[in-house]
Amino acid sequence: MNNHPYHLVDKSPWPLSSSLGLLTLTSGSIMWMHKFSQYMMLMGVTIILLTMYQWWRDITRESTFQGIHTKKVMSMMKMGMIMFITSEVMFFLSFFWAFFHSSLSPNMEIGMNWPPMGIKTFNPINIPMLNTIILLTSGMSMTWAHNAIVMKNLSQMIQSLIITITLGVYFSIMQMYEYIESPFSISDSIYGSTFFMSTGFHGLHVMIGTTFIIVKLLRTMKLHFSSDHHVGFEAAAWYWHFVDVVWLFLYISIYWWGS
């Protein structure tokens with residue numbers, strides 16, 4: 001029995017395997033882009049997915065079945081999630097910086113014009129507006145799920161999580177359709193680069209967040225959460241709201257103002 005409230009983690013292979021997976025993925029991506037060989041990249045994706053599943057499984061066991069996540073540990077995990085989201089804010093800030101640096105003072109190479117000559121931008125009232133409504137609605141259903149778990153209403157929590165997941169998948173499908181119909185590509189000047197890098201990474205975050213919420217739905221159905229012990233769910237909710245806020249800035253700056 002420990003005489004402190006902290007959790008000293010056991011030796012784990014998952015940090016090493018995730019590092020090897022990321023190395024294989026990045027190296028494989030270069031092989032795919034330059035030599036059109038996908039095998040190494042797919043191997044990296046497989047290693048990362050297997051590591052994610054088993055690392056998540058171990059943390060679930062620690063918190064749900066072993067009772068290792070005390071109040072102090074939960075507090076530190078929340079702080080860790082806050083720091084992670086802060087790092088994500090800085091990540092997206094770099095894309096916004098690049099966009100505004102190029103759009104507020106267009107240089108000679110792009111004709112001193114924004115958007116650059118030859119770029120036909122998206123109508124912000126069409127799919128971008130629909131995607132905004134989808135994400136804002138999903139944020140509401142996620143808040144509903146949080147309220148439901150606090151009020152110990154399991155059925156409402158499951159319903160609201162299913163709605164959130166459905167809206168997240170719907171958003172991803174609409175963004176894929178938008179990319180397919182796009183009149184410009186990532187190689188079309190600084191506009192194409194900043195547009196696809198910022199919206200593309202946001203779309204990746206939506207898919208990660210949707211996966212996050214699916215895991216929380218499965219854990220909810222297995223009765224892993226209680227009204228006062230649901231840090232994993234709170235982390236998913238914070239992440240999803242972060243994704244919502246980033247999209248609002250993307251819509252206002254890139255789709256509406258930037259077009």
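All residue numbers in this chain count up from 1 along the given sequence. The figures here come from the full heavy-atom set of this structure, side chains too, leaving out hydrogens, waters and symmetry mates. A quick note: this is a predicted structure, and the numbers were derived from the prediction, not measured.
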(request) Evaluate the side-chain proximity of Ile48 to Leu22: yes if any heavy-atom separation is below 4.5 Å, no if none is. (result) yes
(message) The test is side-chain hydrogen bond (donor to acceptor under 3.5 Å, both in side chains); show your working for Trp55 and Ser18 and say whether it passes.
(response) CA-CA 10 Å; Trp55 205 344; Ser18 61; over 6 Å; no
(message) So, taking the atom named CE in Met157 and the one named CZ in Phe225, what distance separates them when rounded to the nearest 0.5 Å?
(response) 6.0 Å
(request) Give a yes or no on whether the backbone of Leu23 and the side-chain of Thr26 come within a donor-acceptor separation of less than 3.5 Å. (result) yes
(message) I'd like to check Pro128 versus Trp256 (side-chain heavy atoms, cut-off strictly below 4.5 Å). Are they in contact?
(response) no
(message) Using modelled atom types and a 3.5 Å cut-off, is there a donor and acceptor pairing between side-chain atoms of Gln54 and backbone atoms of Leu50?
(response) yes
(message) With a 4.5 Å cut-off on side-chain heavy atoms, are Asp228 and Val150 touching?
(response) no
(message) For Met207, is there any backbone N or O sitting under 3.5 Å from a side-chain donor or acceptor partner on Thr211?
(response) yes
(request) Please check if atom CZ in Phe249 has more than 12 non-hydrogen atoms from other residues, nucleotides or ligands closer than 6.0 Å. (result) no
(request) Would you give the length of the straight line joining atom OG of Ser63 to atom CE of Met74, rounded to the nearest 0.5 angstrom? (result) 10.0 Å
(request) Nearest 0.5 Å please: distance from the CD1 atom of Ile214 over to the OG1 atom of Thr210. (result) 6.5 Å
(message) Suppose we call two aromatic rings close when their centres sit under 6.0 Å apart. Are Trp114 and Tyr191 close by that rule?
(response) yes
(request) Nearest 0.5 Å please: distance from the OG atom of Ser160 over to the CD1 atom of Ile213. (result) 10.0 Å
(message) For Thr60 and Asp58: C-alpha separation, side-chain torsions, deciding distance, then whether side-chain hydrogen bond (donor to acceptor under 3.5 Å, both in side chains) applies.
(response) CA-CA 5 Å; Thr60 301; Asp58 288 353; over 6 Å; no
(message) Is the distance from the ring center of Phe195 to that of Phe99 below 6.0 Å?
(response) no
(message) For Phe171 and Trp247, I'd like to know if the aromatic rings sit close, meaning centre-to-centre distance below 6.0 Å.
(response) yes
(request) Compute the centroid of each ring, for Phe92 and then for Phe201, and state whether the two points are separated by less than 6.0 Å. (result) no
(message) Does any part of the side chain of Thr194, heavy atoms only, come nearer than 4.5 Å to the side chain of Phe96, both counted from C-beta?
(response) no
(message) Between His202 and Phe242 (judged by ring centroids, cut-off 6.0 Å), do the two rings come close enough to count as a pair?
(response) no
(message) I want to check something: taking the side chain as every heavy atom from C-beta on, are Met31 and Gln38 in contact at a cut-off of under 4.5 Å?
(response) no
(request) Identify whether Met140 and Val245 are in the same connected component of the hydrophobic contact network (ILVMFWY, side-chain heavy atoms under 4.5 Å). (result) no
(message) If we ignore hydrogens and angles and just use 3.5 Å, is the side chain of Asp188 paired with the main-chain N or O of Ser185 as donor and acceptor?
(response) yes
(message) Could you check whether any side-chain N or O of His230 sits under 3.5 Å from a backbone N or O of Ser226, counting only pairs where one atom can act as donor and the other as acceptor?
(response) yes
(message) Counting neighbours of CH2 on Trp32 that are heavy atoms of other residues, nucleotides or ligands and sit closer than 6.0 Å, is the number greater than 12?
(response) no
(request) Please confirm whether Trp238 and Phe212 have ring centers closer than 6.0 angstrom. (result) no
(message) In this structure, would Tyr170 and Met129 fall into the same cluster of hydrophobic residues linked by side-chain contacts under 4.5 Å?
(response) yes
(message) Is there a path of hydrophobic side-chain contacts, each under 4.5 Å between heavy atoms, that joins Ile127 and Ile119?
(response) yes
(request) For residues Pro183 and Lys120, report the shortest heavy-atom separation together with the two atoms involved. (result) CG-O, 3.1 Å
(message) Any non-hydrogen side-chain atom of Phe233 less than 4.5 Å from a side-chain atom of Leu161?
(response) yes
(message) As a quick check of understanding, evaluate side-chain hydrogen bond (donor to acceptor under 3.5 Å, both in side chains) for Ser17 and Thr51, giving each step before the final call.
(response) CA-CA 7 Å; Ser17 65; Thr51 300; 3.0 Å; yes
(request) Using the rule that two of Ile, Leu, Val, Met, Phe, Trp, Tyr join whenever any of their side-chain heavy atoms come within less than 4.5 Å, decide whether Leu218 and Ile149 are in one cluster. (result) yes
(message) Working to the nearest 0.5 angstrom, can you tell me the gap between Ile47 CD1 and Leu42 CG?
(response) 11.0 Å
(request) Side-chain contact test, heavy atoms from C-beta onward, threshold under 4.5 Å: evaluate it for Met52 versus Trp14 and give yes or no. (result) no
(request) Kindly say whether Pro124 contributes a backbone atom to a donor-acceptor pair with the side chain of Tyr251 at under 3.5 angstrom? (result) yes
(message) Within this structure, what is the CE-CE distance for the pair Met43 and Met40, rounded to the nearest 0.5 Å?
(response) 7.5 Å
(message) Ile68 vs Val73, test: side-chain contact (heavy atoms from CB on, under 4.5 Å). Steps then yes/no.
(response) CA-CA 8 Å; Ile68 295 174; Val73 173; 5.6 Å; no
(message) What I'd like to find out is whether the side chain of Ile254 reaches to under 4.5 Å of the side chain of Ser198, using heavy atoms alone.
(response) yes
(message) To check you understand the geometry: which heavy-atom pair defines the closest contact between Met174 and Asn131, and what is its length?
(response) CB-OD1, 3.3 Å
(request) Quick one: do Ile163 and Thr166 satisfy side-chain contact (heavy atoms from CB on, under 4.5 Å)? Show the steps, please. (result) CA-CA 5 Å; Ile163 291 171; Thr166 304; 5.7 Å; no
(message) I'd like to know whether Thr220 forms a side-chain contact (heavy atoms from CB on, under 4.5 Å) with Ile158, so could you lay out the CA-CA distance, the side-chain angles of the two residues, the decisive distance to 0.1 Å, and finally the verdict.
(response) CA-CA 7 Å; Thr220 300; Ile158 292 173; 4.0 Å; yes
(message) Strictly distance-based, threshold 3.5 Å: is any side-chain N or O of Ser182 a donor or acceptor partner for the main-chain N or O of Glu178?
(response) no
(message) Counting neighbours of OH on Tyr179 that are heavy atoms of other residues, nucleotides or ligands and sit closer than 6.0 Å, is the number greater than 12?
(response) yes
(message) Ring centroids only, cut at 6.0 angstrom: are Phe65 and His224 within range, meaning strictly under it?
(response) yes
(message) Whether the side chain of Ser102 engages the backbone of Ala98 through a donor-acceptor N/O pair (distance < 3.5 Å, no angle test) should be reported.
(response) yes
(request) Evaluate the criterion side-chain contact (heavy atoms from CB on, under 4.5 Å) for residue pair Thr132 and Tyr255; output intermediate values, then yes/no. (result) CA-CA 11 Å; Thr132 304; Tyr255 283 101; over 6 Å; no
(message) Tell me whether the count of non-hydrogen atoms from other residues, nucleotides or ligands lying under 6.0 Å of CH2 in Trp257 goes above 12.
(response) yes
(message) Would a single hydrophobic cluster contain both Tyr39 and Phe36, if residues Ile, Leu, Val, Met, Phe, Trp and Tyr are joined by side-chain heavy-atom contacts under 4.5 Å?
(response) no
(request) Identify the two heavy atoms, one from His69 and one from His229, that lie closest to each other, and give their separation to 0.1 Å. (result) O-NE2, 3.3 Å
(message) Quick one: does any side-chain atom of Asp244 pair with a main-chain N or O of Val246 as donor and acceptor, under 3.5 Å?
(response) no
(message) Please find the pair of heavy atoms, one from Gly139 and one from His241, that lie closest to each other, and give the distance.
(response) O-CE1, 3.3 Å
(message) Students often mix this up, so state it plainly: with edges at 30° and 60°, are the rings of Phe91 and Phe95 parallel, tilted or perpendicular?
(response) perpendicular
(message) Main chain of Thr199, side chain of Gln175: is a donor-acceptor contact present, judged purely on distance under 3.5 Å?
(response) yes
